[in-house]
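See structure below.
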2 protein chains.
Amino acid sequence: MNRTDYLQAAEAHCERRGCKLTALRRQVLELVLRHQGVVKAYQVLADLQKERGVAAPPTVYRALDFLVEQGLLHRVDALNGFVVCDHFECQHESMILVCETCGKVQEVDVMAALAGLHDVADAADFTLSHQNLTLTGLCKACRI
Amino acid sequence: MNRTDYLQAAEAHCERRGCKLTALRRQVLELVLRHQGVVKAYQVLADLQKERGVAAPPTVYRALDFLVEQGLLHRVDALNGFVVCDHFECQHESMILVCETCGKVQEVDVMAALAGLHDVADAADFTLSHQNLTLTGLCKACRI
DNA sequence: TGGCGAATGTTACTGTATAACATCGCGACG
DNA sequence: CGTCGCGATGTTATACAGTAACATTCGCCA
Ligand SMILES: [Zn+2]
Ligand SMILES: [Zn+2]
Ligand SMILES: [Zn+2]
Ligand SMILES: [Zn+2]
């Protein structure tokens with residue numbers, strides 16, 4: 001899916017969910033899309049300032065929070081960052097693989113594998129919510 | 001295992017690994033042990049200041065980093081915090097369950113369940129390192 | 001047109017983490 | 001005994017991350 005299609009789909013997605021991808025939110029989403037991999041809030045803020053002169057942290061945090069809420073981005077706790085989700089339409093829990101060497105990030109589907117974790121949690125009398133797991137390791141290129 | 005035994009075991013553990021649980025590191029570990037559940041670095045810093053007057057962030061961060069390195073603590077990224085590991089002797093990957101309501105934390109053993117995640121990562125040409133997963137949900141008490 | 005609620009702007013602050021450099025303490029070695 | 005080296009700790013300053021609180025604007029609807 002190219003960037004334009006993505007943004008259009010994202011807008012429709014928000015619409016369906018009863019909220020609006022405003023100009024600002026869209027702009028922030030575009031800025032995140034321009035990077036590959038994880039982006040930090042203050043990087044987005046800097047980019048935003050380049051485009052519109054002034055901008056303060058709450059502006060970008062509010063937009064990022066919104067986008068995460070809508071499932072367009074995932075937050076990556078281990079890196080204090082955000083990644084674009086390219087299958088926000090389907091209901092899923094995210095599993096994000098972060099290469100320790102090059103920092104590259106990929107999201108994989110993990111529904112099945114999570115079953116095992118749910119079992120373990122059940123055994124501990126704990127009800128899991130939706131997860132956003134970040135796993136670290138080595139990507140193909142860096143494994144050599 | 002009571003606190004004294006724990007500290008003694010921790011010291012031996014470090015010794016075996018070729019490094020030393022110095023007085024400062026031991027003091028920080030004790031401070032973490034005094035809390036149940038997740039502790040934040042700046043909480044430890046405040047406690048440390050109460051005990052020895054002055055202390056700056058690097059002092060406590062260095063000690064915490066050391067303890068994590070030795071496997072005595074796990075870092076909980078999602079909360080910017082740390083928890084004591086009470087089975088640091090055995091080789092394990094941690095899975096930490098955090099209740100979204102009361103904030104209570106428990107670590108469970110998860111070796112088996114991780115097999116599924118390793119399979120998924122393999123399929124994505126990714127070699128997992130040791131993991132420190134944080135899963136959120138509701139604990140027994142808060143599920144009602 | 002006026003009023004309401006959501007979104008955004010603005011200021012100021014709290015919390016989290018690290019860089020860089022100074023100093024200390026202690027064992028190895030001549 | 002010095003003194004060299006090195007790991008641990010102290011100190012200062014700053015970078016990075018996130019939020020509270022309040023002001024203002026904007027778009028929609030009565
Ligand atoms: Zn996703
Ligand atoms: Zn890599
Ligand atoms: Zn553990
Ligand atoms: Zn609970």
Side-chain angles (χ1 to χ4, degrees), chain A residues 10-11 14-15 17-32 35 38-70 72-83 98 103 132 134, chain B residues 10-11 14-15 17-32 35 38-70 72-83 98 103 132 134:
Chain A
E11 185 153 11
C14 293
E15 200 73 34
R17 292 170 54 97
C19 50
K20 291 178 63 176
L21 188 65
T22 63
L24 173 65
R25 289 163 175 172
R26 186 193 180 90
Q27 187 178 10
V28 167
L29 181 54
E30 283 192 59
L31 291 173
V32 177
H35 296 263
V38 171
V39 195
K40 312 268 230 158
Y42 273 66
Q43 178 62 58
V44 175
L45 177 58
D47 294 350
L48 194 59
Q49 285 167 340
K50 266 181 219 132
E51 294 204 348
R52 54 160 57 194
V54 292
T59 299
V60 73
Y61 275 102
R62 283 195 283 238
L64 290 171
D65 289 347
F66 171 85
L67 295 169
V68 168
E69 192 118 343
Q70 303 310 313
L72 299 168
L73 303 181
H74 295 300
R75 186 176 153 75
V76 185
D77 285 322
L79 306 176
N80 294 325
F82 300 84
V83 287
V98 181
N132 182 2
T134 301
Chain B
E11 185 153 11
C14 293
E15 201 73 35
R17 291 170 54 95
C19 50
K20 291 176 64 177
L21 188 66
T22 63
L24 173 65
R25 290 162 175 174
R26 185 193 180 90
Q27 187 177 10
V28 167
L29 180 53
E30 282 192 59
L31 291 172
V32 176
H35 296 263
V38 171
V39 194
K40 312 269 230 157
Y42 272 68
Q43 177 62 59
V44 175
L45 177 58
D47 294 350
L48 194 59
Q49 285 167 342
K50 265 180 220 133
E51 294 205 347
R52 52 160 61 194
V54 293
T59 299
V60 73
Y61 275 102
R62 284 195 282 237
L64 290 171
D65 289 348
F66 171 85
L67 296 169
V68 168
E69 192 117 345
Q70 303 311 312
L72 298 168
L73 302 181
H74 296 299
R75 188 177 151 76
V76 185
D77 286 321
L79 306 175
N80 295 324
F82 301 84
V83 287
V98 181
N132 181 2
T134 302

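Here the structure is a predicted model, which is why all the values come from computation and not from measurement. Below, chains carry the letters A, B, ... as their sequence lines are ordered, and counting in each starts from 1.
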Interatomic distance where CD belongs to E69(A) and C1' belongs to dA7(C) [whole Å]: 15 Å

How close or far is atom C1' of dG7(D) from atom CD of Q70(B), stated in whole angstroms? 14 Å

Rounded to the nearest 0.5 Å, what separation is found between the OG1 atom of T22(B) and the CG atom of L29(B)? 10.5 Å

Within this structure, what is the NZ-to-P distance between K20(B) and dA8(D), rounded to whole angstrom? 9 Å

Working to the nearest 0.5 Å, report the span between CG of L73(B) and CG of L67(B). 4.5 Å

Expressed as a whole number of angstroms, how long is the span from L48(B):CG to dT11(D):P? 12 Å

For atom CD of Q49(A) and atom C1' of dG9(C), their distance in whole Å: 13 Å

Distance check: side-chain N/O of T59(B) vs OP1/OP2 of dG10(D), anything under 4.0 Å? yes

So OH of Y61(A) and CG of L45(A): to nearest 0.5 Å the spacing works out to 8.5 Å

Could you check which of dT9(D), dT11(D), dT11(C) has an atom nearest any side-chain atom of A56(A)? dT11(C)

R75(A) and side chain to side chain donor-acceptor pair (under 3.5 Å): which partner among N132(A), N80(A), D65(A)? N80(A)

OP1 or OP2 of dG7(D) versus the side-chain N and O atoms of R25(B): is any pair under 4.0 Å? no

For R26(A) and dT8(C), what is the distance between atoms CZ and P respectively, to the nearest whole Å? 14 Å

Gap separating the CG atom of L24(B) from the CZ atom of R52(B), nearest 0.5 angstrom: 5.0 Å

Strictly below 4.0 Å, N to O, side chains only: are D47(B) and K50(B) in salt-bridge contact? yes

So V98(A) and L79(A), do their side chains get closer than 4.5 Å, heavy atoms only? yes

If I take atom CG in residue L67(B) and atom P in nucleotide dT9(D), what distance separates them, rounded to the nearest angstrom? 10 Å

Could you give the CG-to-C1' distance, from L45(B) to dT11(D), as a whole number of Å? 13 Å

Quick one, give me the B/S/- string for nucleotides 14-24 of chain D, reading 5' to 3', where B means a protein heavy atom under 4.0 Å from the base and S means that only happens at the primed atoms, P, OP1 or OP2. ---BBBB----

